[in-house]
Amino acid sequence: DAGVIQSPRHEVTEMGQEVTLRCKPISGHNSLFWYRQTMMRGLELLIYFNNNVPIDDSGMPEDRFSAKMPNASFSTLKIQPSEPRDSAVYFCASSPGTADTQYFGPGTRLTVL
Amino acid sequence: SQQGEEDPQALSIQEGENATMNCSYKTSINNLQWYRQNSGRGLVHLILIRSNEREKHSGRLRVTLDTSKKSSSLLITASRAADTASYFCATDGSNYKLTFGKGTLLTVNP
């Protein structure tokens with residue numbers, strides 16, 4: 001298996017632009033997680049899905065952030081409009097079940113100018 | 001609220017020495033996991049210990065869990081330069097999702 005795939009690996013955009021991050025989980029995994037990592041705040045869980053259904057989105061910072069999982073093999077995290085404080089590394093992870101071992105993707109490094 | 005807290009925040013040792021990192025948490029758990037993150041990469045799962053286990057080994061890794069003190073430790077024996085990374089503990093709370101601590105940055109000097 002190729003593991004969790006994320007794209008793009010790097011994204012540089014200007015404030016106000018829409019940003020879409022993509023994730024392909026490991027086939028057969030039922031849970032998918034989106035995290036944000038910064039030096040100041042560490043690793044924060046933004047949202048997680050179980051069987052394509054959002055279970056907990058309490059970590060989503062504000063309405064500018066949205067996430068979808070239209071099918072078991074694809075998820076997106078969208079930021080619209082983006083702001084400089086959104087600059088971070090965004091990780092996607094998947095696991096067989098919610099509290100099982102999580103397998104992380106390589107991350108997307110987002111820079112908002 | 002943050003569940004796991006690692007201690008120390010940073011640790012620097014010489015190759016061949018043992019490294020011990022600690023994790024404390026606040027509420028009851030089903031299991032506790034340790035992950036490693038190399039600079040610029042995603043987290044990699046190292047070991048999982050269940051709440052009814054007290055100690056677990058995997059290669060040069062030894063993990064202990066004391067549920068009465070709500071703490072865990074990760075010991076890396078005979079460290080190598082390649083062990084340089086950040087180490088995170090993760091706990092599952094009542095809602096079964098994992099919560100990660102802020103990590104311990106381990107530097108192993110050759």
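When reading the values below, keep in mind they use all heavy atoms of this one structure, side chains included, and skip hydrogens, waters and symmetry mates. Lettering of chains follows the sequences in order, A, B, ..., and the numbering in each one begins at 1.
From Gln33(B), atom CD reaches atom CG of Asp100(A) across 7.5 Å, with rounding to the nearest 0.5 Å. Rounded to the nearest 0.5 angstrom, Tyr35(B) OH and Thr101(A) OG1 are separated by 5.0 Å.
Dense packing is recorded around CZ of Arg60(B), with more than 12 heavy atoms of other residues, nucleotides or ligands lying under 6.0 Å away. Within a 6.0 Å sphere centred on CD of Glu14(A), other residues, nucleotides and ligands contribute 12 heavy atoms or fewer. When the shell of 6.0 Å around CD of Gln9(B) is examined, it contains 12 or fewer heavy atoms from other residues, nucleotides or ligands. The environment of Asn52(B) atom CG is dense: over 12 non-hydrogen atoms of other residues, nucleotides or ligands sit within 6.0 angstrom. Heavy atoms from other residues, nucleotides or ligands lying under 6.0 Å from CZ of Arg109(A) number 12 at most. Dense packing is recorded around NZ of Lys56(B), with more than 12 heavy atoms of other residues, nucleotides or ligands lying under 6.0 Å away.
For a residue to count as touching a neighbouring chain, one of its non-hydrogen atoms must lie under 4.5 Å from one of that chain's; by this rule Thr108(A) does not touch chain B. Looking at Leu48(B), only its side chain comes within 4.5 Å of chain A, counting heavy atoms on both sides. In this structure, chain B has a heavy atom under 4.5 Å from the backbone of Met40(A), while its side chain stays farther away.
Heavy atoms only, all atoms of each residue included: Phe104(A) and Leu43(B) are closest at CB-O, 3.3 Å. Here the shortest heavy-atom pairing between Phe91(A) and Arg41(B) reads CZ-O, 3.5 Å. The two residues Arg41(A) and Lys102(B) make their nearest non-hydrogen contact at O-CE, 4.0 Å.
Defined by atom type and a distance below 3.5 Å, a donor-acceptor pair is present between the side-chain atoms of Gln37(A) and Gln37(B).
Between Leu98(B) and Leu45(A) there is no side-chain heavy-atom pair separated by less than 4.5 Å.
Criterion: ILVMFWY side-chain heavy atoms under 4.5 Å apart, direct or through other members. Under it, Leu77(A) and Tyr103(A) are not part of a common hydrophobic cluster.
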